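Convention: sequence-line order gives letters A, B, ...; per-chain numbering from 1. All figures in this text were calculated on a predicted structure; none of them were measured in a lab.
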Amino acid sequence: MSERRKPYPFDILEPKWQALWEERNVFHAPNPGEAGFDPARPKYYVLDMFPYPSGTGLHVGHPEGYTATDIVARYKRFRGFNVLHPMGWDAFGLPAEQYAIRTGQHPEITTAQNIAHFKKQLKRIGFSYDWEREVSTADPRFFRWTQWIFLRIYHSWFNPETRRAEPIATYQGDDPDSVRLAYVAEVPVNWCPELGTVLANEEVIDGKSEVGGFPVVRRPMRQWMLRITAYAERLIDELEPLDWPEGIKLLQRNWIGKSEGAEVKFAVADRDEAIAVFTTRPDTLYGATYMVLAPENPFVDRLTTSEQQAAVAAYRAEVSAKSDLERTDLAKDKSGVFTGAYAVNPTNQERIPIWIADYVLMGYGTGAIMAVPAHDERDLEFARQYGLEIREVVAESPGSARDSRAGAGDSPATVPPGSIPGGTFPAGSPETARESRALPTLGDGCAINSPVIDGLPTSEAKHRITAWLEEQGLGRRTVNYKLRDWLFSRQRYWGEPFPIVWRDGKHETIPETELPLVPPPLDDFKPTGSGEPPLARAQDWVRYSDAASRELNTMPQWAGSCWYYLRFCDPGNSGRFVGHVAERYWMGGAKNESEGTPTVSKGAATIPNNSASSVRGGVDLYVGGTEHAVLHLLYARFWHKVLFDLGQLSTLEPFQRLVNQGMILGEDGRKMSKRWGNVIDPLDVIAEYGADAFRCYEMFMGPLEQMKPWSMTGVEGVSRFLARVWRLVMEENQEGQWLLSETVQAVEPTRSQLKVIHATIKKVGEDIEALSFNTAIAQMMIFVNAFTNPGSARDSRAVSGDPAGNSLRGSPEVAGESPAPARESRALPGIRSFPVASLRTLLVLLNPFAPHLTSELWETLGAKFPISPAVITEHAWPEYREEYLIEDEVEIPLQVNGKVRDRVTVPIDATSADLGAIALANTRVQEFIAGKTVHKVVVIPKKLVNVVAN
RNA sequence: GUCGAUGUGGCGAAAUGGCAGACGCAACGGACUUAAAAUCCGUUUUCGCGAAAGCGAAGUGUGGGUUCGAGUCCCGCCAUCGGCACCA
C-alpha cells in the first residue's frame with residue numbers, strides 16, 4: 001500500500017527469471033569436448049574488465065560496460081554463436097590489506113564478503129554471465145598459475161636475433177641472470193619510513209605520503225623487475241592492426257615513447273675516457289657548446305675537479321632530497337653546477353664544459369646529453385641562466401620560414417638548398433644571429449656552420465652526420481624508449497608470493513610441484529618498518545631449508561589481471577593454466593581456420609613479427625574504462641606475447657577489439673563521489689524501476705564511449721517505454737491482475753506495420769554490432785509508438801507511402817475504411833488488434849536489452865499462441881526483408897539555392913529528368929527563381945532537387 | 001607546454017556531404033477523473049509578420065575556405081574535459 005504502484009510487475013517477474021536462468025544454467029558455454037558443445041557454431045568471446053571487489057559495492061558506472069557486453073553476448077547467442085561471457089574478481093589489492101591492518105580482519109574474509117556482495121548485485125541486474133567460469137585472482141587454484149607464468153618468464157630471455165622470448169637454455173652467454181625477463185635490480189623507490197612501506201609514484205604527493213602526509217624519501221632497494229623494454233618495439237608494431245580506439249593506441253605508443261637518433265661519444269678532455277650521449281638531433285652536433293650529466297651519473301664522481309667538489313656535492317644532496325614529483329613538477333627554473341671538467345666536441349675538437357643538472361634524467365638514454373642551446377628550448381634556458389655559449393647551426397629552410405623575423409639581407413630564406421650558405425649568413429658570428437632573430441630554430445631547417453653537413457636539410461643532415469660518426473668510430477644510430485622495465489615486487493601481504501628462494505645471496509626457483517605457494521597465515525599485516533615486507537614475520541614460512549629462505553616480496557595487483565582472460569577459457573583445468581584446445585577455440589581468430597592452425601612453438605622457425613595475420617585473434621570484444629588504457633593493457637599484452645613466444649598460446653595479441661565506456665557523472669554533472677552525495681546505487685534504481693529499466697536507461701543515456709550525467713527522470717522515461725511494451729501484450733482486469741490482452745491476435749501485420757518491423761530489425765541489429773545502443777532503443781520506441789498510437793502526425797514520416805492510410809493499428813474506424821491488412825486474416829471488427837508474430841519479433845529484438853520483461857511476455861503469449869521453442873532465448877534473431885523497406889513513393893525536398901522551398905511526393909522510380917521538370921514547374925520554386933537565370937539543376941534521385949539560380 | 005576527445009534546443013541526444021533537432025526528459029495545453037496519480041492526445045530552436053492556417057529570416061562554439069549544397073570535409077582561433085609532462 002505504501003509502496004508506489006509499479007507500472008508493470010517487474011518486482012515479481014525479474015527475480016523469477018533470474019532464478020530460472022540460474023537453475024537451468026542457461027548461460028553456461030560448454031568447452032570443446034564437453035557435453036552440449038556444438039562445434040558447428042562460431043565462437044564469440046566478449047569480456048568485461050573484471051572489478052576489484054571493493055567494500056562499497058557497485059555503483060552505476062560499473063554496469064554501463066557490463067550492460068553493453070551483456071547485450072552483445074545475448075545478441076550473439078541469438079545469432080548462433082557459442083558465446084564466452086565470463087566474470088571474475090581482481091581480488092588482491094591494497095584496500096583489503098589496509099582494512100586488515102586497521103581491524104585485524106583477514107583480507108581473505110573481507111574479500112570473500114565483498115565478492116559475495118558484488119555477485120549479488122550483478123545477478124540482480126540480470127547479466128548472462130557463465131558463473132561456472134568465475135575466477136578470483138586470490139584463489140590458490142588461480143594464482144598457482146600466476147606463479148607458474150612468472151616461472152616461465154623467469155626462465156626466459158629475449159633473443160634479439162629472433163625478436164622473441166626463448167627458454168634461457170638457448171642463451172649462449174655466460175651470465176644468464178643478466179638477460180632473464182625477470183631479474184633483480186637495485187632501483188630507487190619511494191620509501192615512507194613512517195608507514196614502513198614503499199609507495200607507488202601515484203601514492204606520493206608533493207614528497208608526502210597520500211595517506212597520512214608523512215615524508216617520503218627516495219631510496220634504492222632490491223626489487224624484482226620484468227624486462228618489458230625488450231618488447232618495446234613489438235608492443236608498438238603489433239598494436240597497429242588491432243581494432244582499438246586510435247586514442248588508446250596513441251596513448252600506448254606515447255607511453256612506450258620510441259625515438260630514433262644517435263649515440264655520440266664525447267672524449268673527456270685530458271683523460272682517457274669518453275662519455276656517450278643520446279640525441280635525436282645529431283645534425284646539431286656542431287652546436288653542442290656544453291654537456292650535462294644527470295646528478296646521479298657515476299661519471300660525476302670521477303670527473304669533478306677538487307675546486308668544484310663541494311658545490312657538486314651540495315647540489316647532489318639537494319636533488320636527492322626531492323621526490324620524483326618535485327623534481328619534474330611544474331615548469332621550474334633550471335638549476336645545475338659546473339663539474340670543472342671538459343669534454344671534447346668530436347666535430348671540431350672544441351673543449352666544452354661538463355655540467356650536472358637535474359633536467360637530465362639518469363633513467364633515459366645514457367643519463368648524459370650534449371647541450372645545443374640554439375636549437376633546444378631547455379638547453380637554451382639553461383645556457384641563458386649560466387651564460388653558456390649559444391651557437392646556431394640550423395637555419396630555417398626556404399619555404400618553412402614562419403615569419404619574416406630576420407632582415408631580408410641575412411635571411412636564410414635566400415639560401416638555395418644544397419648550397420653552402422657561408423656568404424649569405426653571418427657565419428661565425430652567432431651573437432649577431434641571435435640578436436637578429438628572436439628565437440632559435442627548434443624544428444627542421446638546414447644545417448649551417450657545420451662543415452660536414454652544411455646546407456643539408458635536417459633529415460638528410462642527420463643521416464650524413466650519423467654515417468660520418470660511424471665511419472670515425474665516434475657514434476652510431478640508436479633507438480631509445482621512454483618505457484622502463486616493470487617494477488614487479490611489492491612489500492605487501494595480500495598478493496602472490498614469488499616462487500623464489502634465496503641461497504647464498506642468489507635467487508633460484510622452487511619446483512613447479514610446490515605451487516601454489518600460498519601466503520603464510522598472519523595476524524599482523526603491517527609492514528615491519530625496516531623495509532622488510534610483512535611476510536618476514538612468518539619465520540617458519542620464510543625458512544625454506546637450512547640454506548635457503550623464501551623471497552619476501554609479493555607480486556603487484558596487475559599480475560592476476562595480466563592473464564585472467566585466459567583462465568576464463570578453461571577455469572577448471574588443474575594441469576595447465578589453460579588447455580590448448582580451449583585456448584585455441586576461444587582465443588582463436590574468429591573467422592574460419594582454413595589458412596591452417598596458428599603456428600605454435602615449432603622451435604625457432606617462426607618469427608612472430610610481421611606474420612600477425614596468421615596469429616590474429618584474441619578476445620573478440622573487450623570493454624572497460626580508460627583508466628587502464630596504458631598499464632593493464634600494456635602489461636597484459638606483454639605477458640601474452642611472452643607466452644605466445646614460448647609456444648603456450650596461439651595468438652599474438654590478447655584483445656582484438658577494445659572499447660572504452662565513458663564515465664557516468666552524478667545528476668549534478670559532477671563526478672560521482674561520497675563527497676558530493678551524488679552517488680547512485682544500482683540496487684536503489686532497480687527497486688524503483690526494475691533491472692530492465694536500469695539496463696535500458698544505462699544504454700539510452702547516450703553513446704557508450706561518452707561521458708554523461710545520470711538522470712532519474714530519464715530512467716522514468718525508459719521505464720514508461722517498457723511499460724508500454726508490457727501493455728501491448730497485457731491488460732489489467734478489475735481485480736488488478738495482468739492478463740494476456742484480447743487485442744493480441746493471430747492476424748497478419750499491415751503493410752505499414754511490416755515496414756516499421758523490418759526497419760527496426762535492420763536498425764537494431766546494425767546498431768548492436770556498432771555498439772550504438774541508444775539509437776537501437778530509440779528505434780524500438782518508434783516501433784512501439786507506431787503500434788500504440790493511432791495515426792498521428794509524428795509518425796507521418798514512418799508511414800509515408802502507406803497506401804492504407806496513416807493508422808498502424810487496426811482501430812475500428814480506420815480498419816473499416818482501409819484495405820490495408822494483408823491477405824487472409826484481418827482485425828476483428830470493433831477490436832483493435834496486434835499481430836502476435838510482430839510482437840514476438842519485437843520481444844526478440846528487445847530481449848538483449850530487457851531480458852526479463854521479454855522472457856515473461858514471450859511465455860505469456862505462448863500460453864494462448866503455442867510456439868516452439870517455448871523459451872525466447874532459444875529462438876533465432878529475425879532477418880529483415882529489404883522488400884518491406886522499399887517505398888512506392890518518396891517525398892522529395894525542392895531547393896532553390898540550397899534552401900528548401902517545397903516538397904513533392906513522387907514515385908520512387910522517377911527519373912532525374914522528371915524530377916528536374918517537376919521542380920522547375922513547381923509554383924513555390926517559380927516564386928523564388930522569378931527574375932533570375934537558372935544556371936543548373938542538381939538532381940539526386942530519391943533524395944532532392946536543388947535549382948541554382950541568380 | 002604538449003597530445004587527444006568534445007562543443008547541436010531548457011536538458012540527455014539524433015543525423016552514409018543532401019529536409020538539423022529522430023528518440024527521450026522537462027515544460028505547457030487538452031482528454032479521462034469528484035480530485036489527484038497513472039494513462040492517452042497535442043504543442044515546444046530562436047526572432048519577425050499574421051486572428052489563424054501560414055509566411056519569411058536566422059540557426060549546430062568562433063572566423064575563414066572547398067562545394068550546387070557543410071553539424072558533417074579543409075585551415076586558423078576559443079572553451080571544456082582527459083592523458084603525458086624537462087624523455088635530449
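- The residue A:G717 sits close only to the backbone: its heavy atoms come under 4.0 Å of sugar-phosphate atoms, none of a base.
- Close to B:rC40, at under 4.0 Å from its OP1 or OP2, lies a side-chain N or O of A:R727.
- Comparing the P positions of B:rG7 and B:rA13 gives a spacing of 9 Å, expressed to the nearest Å.
- Annotation: B:rU43 and B:rC25 have their P atoms spaced 15 Å apart (nearest Å).
- Residue A:N774 is classed as a sugar-phosphate contact, given heavy-atom separations below 4.0 Å to backbone atoms only.
- Between A:T67 and A:Y697, the side chains place no donor N or O within less than 3.5 Å of an acceptor N or O (distance only, hydrogens not considered).
- The 5' end of RNA chain B is approached more closely, in terms of each residue's nearest nucleotide, by A:T775 than by the other of A:T775 and A:M707.
- With a cut-off of 3.5 Å on both Watson-Crick or G-U wobble distances, the partner of B:rG82 is given as B:rC3.
- Judged purely by atom type and a 3.5 angstrom limit, A:S711 has no side-chain atom pairing as donor or acceptor with the backbone of A:P709.
- Of the side-chain N and O atoms in A:K708, none sit less than 4.0 angstrom from OP1 or OP2 of B:rG12.
- Rounded to a whole Å, the CZ atom of A:F700 is 10 Å from the P atom of B:rA14.
- The side chain of A:R720 places an N or O atom within less than 4.0 Å of a non-bridging phosphate oxygen (OP1 or OP2) of B:rC25.
- Protein atom CG of A:L442 is 15 Å distant from nucleotide atom P of B:rG1, rounded to whole Å.
- The listed nucleotides are B:rG69, B:rA14, B:rC23; the one nearest the side chain of A:P703 is B:rA14.
- Taking atom P on both B:rA70 and B:rG61, the two are 15 Å apart, rounded to the nearest angstrom.
- Rounded to whole Å, the C1' atom of B:rG63 lies 43 Å from the corresponding atom of B:rA51.
- Across all strands shown, A:E377 has no heavy atoms under 4.0 Å from either base or sugar-phosphate atoms.
- Atom NE2 in A:H375 sits about 15 Å away from atom C1' in B:rA88, given to the nearest Å.
- Two residues, A:V630 and A:L250, neighbour RNA chain B, and the one matched to the more 5' nucleotide by heavy-atom proximity is A:L250.
- What separates CH2 of A:W710 from P of B:rC25 is a distance of 15 Å, to the nearest Å.
- Here A:R901 lies in heavy-atom contact (under 4.0 Å) with sugar-phosphate atoms only.
- For A:K334 and A:Y359, the positive end sits near the middle of the six-membered ring, less than 6.0 Å away and at most 45° from its axis.
- When Watson-Crick and G-U wobble pairs are counted only if both distances are under 3.5 Å, B:rU8 pairs with no nucleotide at all.
- The nucleotide whose nearest atom lies closest to any side-chain atom of A:V938 is, among B:rG18, B:rA14, B:rA88, B:rG18.
- Listed candidates were B:rA88, B:rA13, B:rG83. Nearest to the side chain of A:Q706 is B:rA13.
- Comparing the C1' positions of B:rC3 and B:rU60 gives a spacing of 26 Å, expressed to the nearest Å.
- Contact annotation for A:K899: backbone-only contact, meaning every heavy-atom pair under 4.0 Å involves sugar-phosphate atoms and none involves a base.
- Glycosidic conformation at B:rG9 (O4'-C1'-N9-C4 for purines, O4'-C1'-N1-C2 for pyrimidines): syn, within 90° of 0.
- Residues A:E889 and A:K942 are not paired through a salt bridge, judged by the lack of any N-O separation under 4.0 Å between the basic side chain and the carboxylate.
- Atom C1' of nucleotide B:rG83 and atom NZ of A:K482 are separated by 11 Å, given to the nearest angstrom.
- The side chain of A:N785 places an N or O atom within less than 4.0 Å of a non-bridging phosphate oxygen (OP1 or OP2) of B:rG24.
- When the P atom is used for both B:rG48 and B:rG10, the distance is 15 Å, rounded to whole Å.
- With a 6.0 Å radius and a threshold of 12 heavy atoms from other residues, nucleotides or ligands, A:K943 has its NZ atom at or below the threshold.
- The side chain of A:Q895 contributes no N or O atom lying less than 4.0 Å from OP1 or OP2 of B:rG18.
- In this entry the distance linking CG of A:L944 with C1' of B:rG18 reads 5 Å, nearest Å.
- A:S259 comes within 4.0 angstrom of sugar-phosphate atoms only, judged by non-hydrogen atoms across all strands, and of no base.
- B:rA51 makes up no base pair with any nucleotide shown, lacking Watson-Crick or G-U wobble contacts both under 3.5 Å.
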Original post:
Going through the checks in order, is the side chain to side chain donor-acceptor pair (under 3.5 Å) test met by A:T760 and A:Q779?
Top reply: CA-CA 6 Å; A:T760 306; A:Q779 179 62 34; 3.1 Å; yes

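- Taking the P atom of each, B:rA53 and B:rU45 are spaced 14 Å apart, rounded to whole Å.
- With a 3.5 Å ceiling on both atom-pair distances, the Watson-Crick or G-U wobble partner of B:rG42 is B:rC28.
- In this structure, A:E377 places its CD atom where only 12 or fewer heavy-atom neighbours from other residues, nucleotides or ligands lie under 6.0 Å away.
- One atom, CZ of A:F928, and another, C1' of B:rG56, lie 8 Å apart when rounded to the nearest Å.
- Across every strand in view, B:rU67 sits unpaired, with no contact that passes the Watson-Crick or G-U test at under 3.5 angstrom.
- Nucleotides B:rA22 and B:rG12, compared at atom P, are 15 Å apart to the nearest Å.
- Regarding A:E716, its CD atom lies at a distance of 6 Å from the P atom of B:rA26, rounded to whole Å.
- Listed nucleotides: B:rA88, B:rA26, B:rA14. Nearest to the side chain of A:T713: B:rA26.
- Environment of NZ in A:K258: crowded, with over 12 heavy atoms of neighbouring residues, nucleotides or ligands closer than 6.0 Å.
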